[in-house]
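These numbers come from a predicted model, not from an experiment. Throughout, numbering of the chain's residues begins at 1 and tracks the sequence.
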Amino acid sequence: MRLTVNGEMREAPDSATIADLLASLEIEGARVAVERNREIAPKSLWASTSLQDGDQLEIVQFVGGG
């Protein structure tokens with residue numbers, strides 16, 4: 001299936017979840033927020049939220065600093 005991730009087209013398996021996508025992008029979920037189709041996806045549901053062809057995702061990584 002085709003997804004838009006942070007403005008870029010990406011391919012993913014038909015059965016992919018948000019957690020699968022993050023793993024394929026080598027992104028650890030500890031300091032990340034995911035928006036799917038303009039709605040925040042609760043971290044507790046990432047492993048069970050199946051992605052659909054055409055989904056638009058924004059992945060934001062929190063960075064500390066000072």
Straight-line distance of Ser50 OG to Asp20 CG, nearest 0.5 Å: 8.5 Å
Does one hydrophobic cluster hold both Leu51 and Val32, with members joined at side-chain heavy-atom distances below 4.5 Å? yes
Quick one: does Leu25's side chain get under 4.5 Å of Ile59's, heavy atoms only? yes
Return yes if some donor-acceptor pair links the side-chain N/O of Thr4 with the main-chain N/O of Gly7 below 3.5 Å, else return no. no
Is any side-chain heavy atom of Val34 less than 4.5 Å from a side-chain heavy atom of Leu57? yes
Between Lys43 and Gly29 (side chain of the first, backbone of the second, donor and acceptor by atom type, cut-off under 3.5 Å), is there such a pair? yes
Are there over 12 heavy-atom neighbours, none belonging to Glu35, within less than 6.0 Å of that residue's CD? yes
Smallest heavy-atom separation, Ala19 atom then Ala47 atom, equals CB-CA, 3.8 Å
Following the transitive rule for hydrophobic clusters with a side-chain heavy-atom cut-off under 4.5 Å over Ile, Leu, Val, Met, Phe, Trp and Tyr, establish whether Ile18 and Met1 coincide in one cluster. yes
Does a side-chain heavy-atom distance below 4.5 Å link Thr49 with Thr17? no
Pairwise side-chain contact, Gln56 with Leu3, heavy-atom cut-off 4.5 Å (strictly under): no
Pairwise side-chain contact, Leu22 with Trp46, heavy-atom cut-off 4.5 Å (strictly under): yes
As a quick check of understanding, evaluate side-chain contact (heavy atoms from CB on, under 4.5 Å) for Gln52 and Arg36, giving each step before the final call. CA-CA 10 Å; Gln52 303 296 317; Arg36 177 179 174 235; 3.7 Å; yes
Is there a side-chain contact between Asp55 and Val5 in this structure, where contact means two heavy atoms from C-beta onward sitting under 4.5 Å apart? no
May I ask you to test the Arg2-Glu11 pair for a side-chain heavy-atom distance under 4.5 Å? yes
